[in-house]
Amino acid sequence: MNCRIMRLIQLTMAKPMHVLLVEDDAVLADGLARILQANGMLVETVGDGALADQMLQRGLDVAVVVLDIGLPGIDGFEVVRRLRSRAASLPVLLLTARDAIEDRVRGLELGADDYLVKPFASAELVARIRALARRASPHPAVLSLGRLTLDTGAKRAHIEQRALELSVREWAVLEYLLQHAARVVSKQQIIDAILPWGDDLTLNAVEVYISRVRLKIADAGISIRTIRGFGYMLEQSA
Ligand code: CA
């Protein structure tokens with residue numbers, strides 16, 4: 001099976017969850033990132049506490065933070081403390097090599113949501129991350145227009161009974177348009193909404209995603225109207 005098909009299958013199963021992995025042991029970080037990616041997650045890895053803190057301060061868009069305690073820069077406890085001092089509710093899973101009860105208690109008291117003691121089974125890490133993400137979004141919305149339904153909790157899209165296969169970015173574009181149905185949105189607004197890590201995405205790329213999404217929703221009784229020189233509007237077809 002080629003990579004493209006594999007990836008498509010992965011993406012149609014669920015919209016990938018974005019995870020920030022803060023771990024200074026490069027070998028461990030690499031191994032964990034691979035495991036999470038194999039489980040359909042998008043992983044940003046950072047090996048320094050101060051850098052992780054900066055990224056979180058800038059409002060990095062992730063669903064869960066997996067945070068080692070012993071880190072260069074500032075330690076995991078301090079990263080959590082700063083995060084909570086900004087009233088951020090982002091779920092945090094602490095990783096610790098230390099089995100000491102005091103460490104777990106301290107982490108939880110500072111506002112971490114859960115912890116895992118190294119070494120742990122990769123399946124447990126994946127399950128804990130998923131559980132934290134689920135807890136953090138208790139009210140997933142079901143968005144619909146025309147014959148299209150987007151279940152943002154289950155991350156499934158349907159045109160009536162037929163499942164719709166969408167890539168990560170196609171999903172993000174469609175979800176954003178649906179959230180703003182019957183309103184005009186600019187290309188820049190779409191870019192801002194769909195970019196997880198502030199990677200570079202051109203206005204032309206947005207056009208490409210829009211045209212792919214258009215093809216996929218052609219029989220959904222809705223259409224994406226181009227507002228020339230500005231952006232798009234999702235509306236019910238006449
Ligand atoms: Ca460490």
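Counting starts at 1 for both ligands and their atoms, in listed order. All figures in this text were calculated on a predicted structure; none of them were measured in a lab.
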- Task: For the Ca ion (ligand 1), decide whether Leu71 has an N, O or S atom at a distance under 3.0 Å.
- Result: no
- Query: Is it true that a side-chain atom of Arg183 and a backbone atom of Gln179 form a donor plus acceptor pair closer than 3.5 Å?
  - Reply: yes
- Message: I'd like to know if the side chain of Asp151 and the backbone of Val142 have a donor-acceptor N/O pair within less than 3.5 Å.
- Response: no
- Message: Keeping Glu170 on the side-chain end and Ser167 on the backbone end, is there a donor-acceptor pair under 3.5 Å?
- Response: yes
- Message: Nearest N/O/S atom of Asp68 with respect to the Ca ion (ligand 1), by atom name, please.
- Response: OD2
- Task: Provide the atom name of the closest N, O or S atom of Asp24 relative to the Ca ion (ligand 1).
- Result: OD1
- Item | Pi-cation contact, Tyr232 with Arg225 (under 6.0 Å, within 45°) | no
